[in-house]
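Notes for the one structure printed next.
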Amino acid sequence: MSKPHIALIGMGLIGSSLGHALKKHDLAAHISGYALSPETRARALQLGFVDSVHDSAADASKGADIVFFNTPLSAIKPLAEEIIPVLDDHAILTDVGSVKKTVLDELTPLLQGRIHLVPGHPIAGTELSGPDAGFAELFDGRWCILTPSGDTSLIAVEEIAKLWRAMGSEVEFMEAGHHDLVLAITSHLPHLIAYNIVGTAAQLESDTRRDVIKYSASGFRDFTRIAASDPVMWRDIFIQNKEAVLEMLGRFSEDLTALQRAIRHGDGEYLENIFTTTRSIRKSVVEAGQDTDQPNFGRDQTPKS
Ligand code: NAP
């Protein structure tokens, strides 16, 4: 394929980052865009990460070689139903959603044997949302997992893989269900725990809550960053990855009960063993290049007045 016409459906953090990265690396002949609100569409044009915006997803997708869905998961199927009838034969649908099996299962029956589907998930993001949150380097050196079915055209799969590599990502292929299980423990459960602990703090009496905020640098603030993530996006992730999340939550609850028992019985050896294992996992994460080895994530340690 020569330089493709790419449609971005959804222009928040991920959609705008895609637009910026495609522009920076000169990867598209034309980038058209659609988002729900006229404000986002106007802002996207102003920021310049798309060449045109349109009043409907179908209009934005007409003539596109590749369509990226960058919306909350629950919007993808209705959007696919709207745009597939207007797409040219051999157009490629892809997405960035954080759960993959539902995307594959819901969209495959809609393809009419003439459209390709290559679901994807960039393992990159921040807790911010909206068209101003994006930047071209978001995907640099980060994994992008593609989960096409075994029947998908290899040419289409390679086209999407090539785009992600050109935007700086390392591409990995995975079966969709396996992706959802892995992400349940690496991403979805940590978010659930963060939402829960920050939610618990929010219910405390006001004087205690005040002190929780004041002394939050002792650990709590790291949960608040994750718990500030977009509520709609995360609502959809938990609903669509229900089984894998419940499986991991079951294991987590058992392990938490064991920790609770060790504390109750003063079983220091058990606690020390677990904490030693977890420290070695942190070391592996740093060695795998997934985080900095600087103390406290390299934050400025100067005390704030
Ligand atoms: P976001 O910043 O909230 O942006 C979502 C975009 O989707 C907005 O432009 C929104 O339009 C648009 N939208 C919502 N409903 C729509 C609809 N029915 N039709 C058309 N556009 C619609 O979200 P995001 O963080 O970019 O996340 C987008 C997707 O990326 C999600 O599926 C998420 O699972 C996945 N993802 C996110 C991250 C992350 O860290 N955030 C990482 C990897 C993957 P308006 O602006 O007009 O509301």
Side-chain angles (χ1 to χ4, degrees), residues 7-21 31-47 49-50 53-61 67-83 93-104 106-107 119-140 142-147 164 167 169 171-172 176 179-180 182-184 186-188 190-192 194-195 225-241 244-245:
L8 300 178
I9 309 299
M11 299 189 287
L13 168 71
I14 303 292
S16 63
S17 296
L18 277 170
H20 286 300
I31 306 177
S32 50
Y34 172 73
L36 207 49
S37 65
E39 291 77 19
T40 297
R41 285 177 244 152
R43 185 68 184 141
L45 261 191
Q46 205 176 31
L47 290 167
F49 62 78
V50 286
V53 291
H54 303 261
D55 291 340
S56 72
D59 282 348
S61 306
V67 179
F68 272 91
F69 291 119
N70 319 301
T71 65
L73 287 159
S74 58
I76 294 179
K77 185 180 176 213
L79 284 165
E81 284 168 338
E82 178 191 336
I83 72 162
L93 290 183
T94 185
D95 78 305
V96 296
S98 308
V99 179
K100 297 275 49 90
K101 190 158 170 10
T102 43
V103 172
L104 199 59
E106 288 180 351
L107 268 51
H121 179 203
I123 312 298
T126 75
E127 67 280 20
L128 302 180
S129 306
D132 285 278
F135 53 100
E137 296 73 26
L138 179 65
F139 311 114
D140 262 0
R142 309 304 298 271
W143 290 108
C144 179
I145 301 176
L146 300 182
T147 64
W164 281 107
M167 289 189 286
S169 286
V171 173
E172 184 91 354
H179 163 279
D180 292 354
V182 172
L183 269 289
T186 57
S187 170
H188 307 169
H191 276 79
L192 196 67
Y195 281 125
R225 184 190 72 75
I226 297 180
S229 301
D230 188 71
V232 173
M233 165 178 152
W234 282 94
R235 175 202 68 191
D236 287 0
I237 289 172
F238 289 116
I239 288 173
Q240 296 211 5
N241 203 20
V245 169

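In each ligand, atom 1 is the first atom listed, and ligand 1 is the first ligand listed. Numbering starts at 1 and runs along the sequence shown. None of the values given here were measured: they were computed from a predicted structure.
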Tell me if a side-chain donor or acceptor on Asp180 pairs with a main-chain N or O of Lys100 at a distance below 3.5 Å. yes
Indicate yes or no for a side-chain donor-acceptor contact from Asp140 to the backbone of Ser169 under 3.5 Å, with no hydrogens or angles considered. no
Exercise. With a 4.5 Å limit on heavy-atom distance, are the side chains of Leu183 and His179 in contact?
Worked result: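 Counting from C-beta outward, Leu183 and His179 do come under 4.5 Å.
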Query raised in the report: With ring centroids as reference points, do His20 and Phe49 lie under 6.0 angstrom apart?
Result: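 That pair passes the under 6.0 Å test.
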Near ligand 1, at a heavy-atom separation below 4.0 Å: residues by chain and residue number: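 For ligand 1, the residues that come within the 4.0 Å heavy-atom cutoff are Gly10, Met11, Gly12, Leu13, Ile14, Tyr34, Ala35, Leu36, Ser37, Thr40, Asn70, Thr71, Pro72, Leu73, Ala75, Leu79, Val96, Gly97, Ser98, His121, Pro122, Ala124, Gly125, Thr126, Ser129, Gly130, Met233.
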Q | Verdict with reasoning, Leu107 to Phe69, per side-chain contact (heavy atoms from CB on, under 4.5 Å) | A | CA-CA 12 Å; Leu107 268 51; Phe69 291 119; 4.1 Å; yes
Can you say whether the rings of Trp234 and His191 are parallel (under 30°), tilted (30 to 60°) or perpendicular (over 60°)?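 Rings of Trp234 and His191: parallel, under 30°.
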